[in-house]
There are 2 protein chains.
Amino acid sequence: MSNMESKFIVTTLTDQVEAKIIEYIKENKLVPGDSLPNEKEFVEMFSVGRNVVREAMSRLRMLGILESRTKRGIIVKEPPLLNGFRKVLDPQLLSVPTIKELMGMRIAMEVGIAEFLFTNVTEKDIEDLEQIISRQQAIGINNLSIEDEMQFHKRIYEVAGNKFILNFYELMQPVFVFAKHNYESYFEPINKKLQESDELVTHSDLLQAIKDNDKNLYQEKIRKHLRPYWEFLYNFNNKK
Amino acid sequence: MSNMESKFIVTTLTDQVEAKIIEYIKENKLVPGDSLPNEKEFVEMFSVGRNVVREAMSRLRMLGILESRTKRGIIVKEPPLLNGFRKVLDPQLLSVPTIKELMGMRIAMEVGIAEFLFTNVTEKDIEDLEQIISRQQAIGINNLSIEDEMQFHKRIYEVAGNKFILNFYELMQPVFVFAKHNYESYFEPINKKLQESDELVTHSDLLQAIKDNDKNLYQEKIRKHLRPYWEFLYNFNNKK
DNA sequence: TTTGTTATATTTGTAGGACAAAAGGGATTT
DNA sequence: AAATCCCTTTTGTCCTACAAATATAACAAA
C-alpha cells in the first residue's frame, strides 16, 4: 500500500485513513444525513488502531463533514464551506505576500459583486447606506475607524446577496484590520497623494455611483477606493 | 455564524484544546518557524489526556498550521490557505443552493479579475489564448468539453496573476464539472435561447474584448458567458 | 394490545500505558 | 577535530479501561 517506505514518512496512517474515509463516502455515494460505520468497523476495515481512526474522524468532524453522537453513530453533514478557512486566516500566521493576494481577492470580489449589487439594490438599501455614511467620522484623510470602514462594505455585500461571499469577506476582515493597524503610517501618504491627484474615492462617491445606476463607474471607483491597501502591500513587498 | 444552533451544542475536550493551542500561539506571538511545547507539556498544561492533545494537534497539522517531526518537536507553519476548503468542496456533499452561491462567487471573481487581467496581459498571452480557442471543439451550441472550457478560463486566471484566486478557481472546478455533468440537458435550451436573442458569448468574444482593450465590455461579456450556469441554478432552485 | 418504565448493551469521549522508529546530543574512538 | 556509536527524547501507533450517553430489548402496568 505505502510504496514510500523510506526514512521520510510524509503521510502518516492518520492521513491515509482520513483519505480512505472520504473515499468511502464517495464510493458508497453517502450524502448528508447518511450514517457511517462506527469506529470499530473502520478499525477493522483499515486494520489500524482506534486512535488513528479517531484522529482522522476528528479532523473531518472539525471541518463539518461528519457529526457524531454517542451511540447514534456518525453521520455525514453538509459542511460549512469556510470552517477550515477561518482557522487559517490568522494575520499572525500569514506572510505579507499572502496578505497581498488576499487583498487582490478582495478587490476582485468587490468589483465583481457590482454585478449583483446593481440588480438587487433597493431604495431602502440606499437609505441605509446613507445613514451609515452620515454616522462615519473621518480621522485624517479618508481614514475611518475599522468599524465604520467595515460597516459600509459589509452592507454592500449584504445587498449583493451572496452569503458565501459575505462570509468570506467577514473572515478576511481581521487580516485587513491587522494590516491597517500595523502599517497605518503607510496609508496617510498614499491617501494624500491620491487626494492631490484627485483620485481619492470615499464611501459617498461609491454611493453616488450606485444612485446614478452607473455600474462601470462604481467598479472603477471601488477599485480606486481599495487602492491604498493594494499599493501599500505592493510597495512593502518590493522593499522587502 | 456557522454553528448549527442545535439543542445540544457539545464542545468536546478536543475542541477546547484545539482552541487553547491556537490561543497559546497568539498569546506567545509565535510566528512560522517557532516551536511549540511538546505533547507532554500540553497534556500537563491543560490537564487532559494525551489522546485529546493529539487529536487537537492532528487537526491543526491537517490545516497546515503545525508541523511535527519526531524528536524535533512541533513548529508553527504558514498554512496553505485552502487546505481545509479543498476537502469540503465535494459536490456530493453540497446542496444546490450552496453550489449556486459558489457559482455567484465565480462570476464575481471572473468579473473582478478583469482589473488585473487588463493590466497584466501581454501579446504572448493573447497568442496563447488564441491557440487554446483554436484547439477547442464545440459540441452543440457553445458547449465545450470540460477540459476545453477549463483551459481557457484557467489561462485567464493565470494572466491575472493572483495565485490565491487561481487556486480557488481550480478547487471550485469539480463542483462546476459535477453540475455540468448532472444537468447538461438544462444547458442546451438556455444556450439556444441566448443564441436566438444574440446574447450568447463565446471564448472568442471574450478574447476580442481583451484585444480591444475594452475592460467594461469584457466584464459584461464574461457575465453573460457564465450566465447559463447561473440561470440553471436559479431555475433549479426555484423549482425545488 | 398498547403504553410506560427499567435494564442491558452498544458506542463515543477520555485517560493512560506500552513500544517502535526517528533524530538530537553526548560520549567514545580514531 | 572528525567520525562513530549509544542514550534519551519525542512522535506515531496500538492497546486496555472506564464514564457518559442512548438505542434497543425486556418487562411491567393500563
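Below, all heavy atoms of this structure are taken into account, side chains as well, without hydrogens, waters or symmetry copies. Every chain is numbered from 1, with letters handed out A, B, ... down the list of sequences.
- Between the side chain of B:E18 and the backbone N or O of B:L60 there is no donor-acceptor pair closer than 3.5 Å.
- For the pair A:E55 CD and C:dG13 C1', the interatomic distance rounds to 14 Å; values are reported in whole Å.
- Among the nucleotides C:dT14, C:dT12, D:dG12, the one closest to any side-chain atom of B:S68 is D:dG12.
- The residue A:N38 sits close only to the backbone: its heavy atoms come under 4.0 Å of sugar-phosphate atoms, none of a base.
- At least one donor-acceptor pair closer than 3.5 Å links the side chain of B:E41 to the backbone N or O of B:N38.
- Protein atom CD1 of A:I74 is 13 Å distant from nucleotide atom C1' of C:dT10, rounded to whole Å.
- Side-chain N/O atoms of B:T14 include one lying less than 4.0 angstrom from OP1 or OP2 on C:dT14.
- As rounded to whole Å, 12 Å separates atom P of D:dT22 from atom CD of A:E67.
- Nucleotide D:dT8 holds its C1' atom 12 Å from the NZ atom of B:K40, rounded to whole Å.
- Base contact: B:R50 has a heavy atom under 4.0 Å from a base atom.
- The side-chain hydrogen bond (donor to acceptor under 3.5 Å, both in side chains) with B:E170 is formed by just one residue from the set B:K154, B:H153, B:R86; it is B:K154.
- With hydrogens and angles ignored, no donor-acceptor pair under 3.5 angstrom links the side chain of A:N51 to the base of D:dG12.
- Going from atom CZ of A:F46 over to atom P of D:dT13 covers 15 Å, rounded to whole Å.
- Rounded to whole Å, atom C1' of D:dG12 lies 16 Å from atom CG of B:L66.
- Following rounding to the nearest Å, A:Q16 (CD) and D:dG12 (P) show an atom-to-atom distance of 13 Å.
- Nearest nucleotide to the side chain of A:K71, out of C:dA15, D:dT13, D:dA23: D:dA23.
- Computed from coordinates, the A:R72 CZ to D:dT22 P distance equals 9 Å when rounded to whole Å.
- More than 12 heavy atoms of other residues, nucleotides or ligands sit less than 6.0 Å from atom CZ of A:R223.
- Comparing A:V48 and B:R69 along DNA chain D, the residue whose closest nucleotide (by nearest heavy atom) sits nearer the 5' end is B:R69.
- You'll find that the side chain of A:R54 is closest to C:dT12, out of C:dG24, D:dT11, C:dT12.
- Counting non-hydrogen atoms of neighbouring residues, nucleotides and ligands closer than 6.0 angstrom, the CZ atom of B:R155 exceeds 12 such neighbours.
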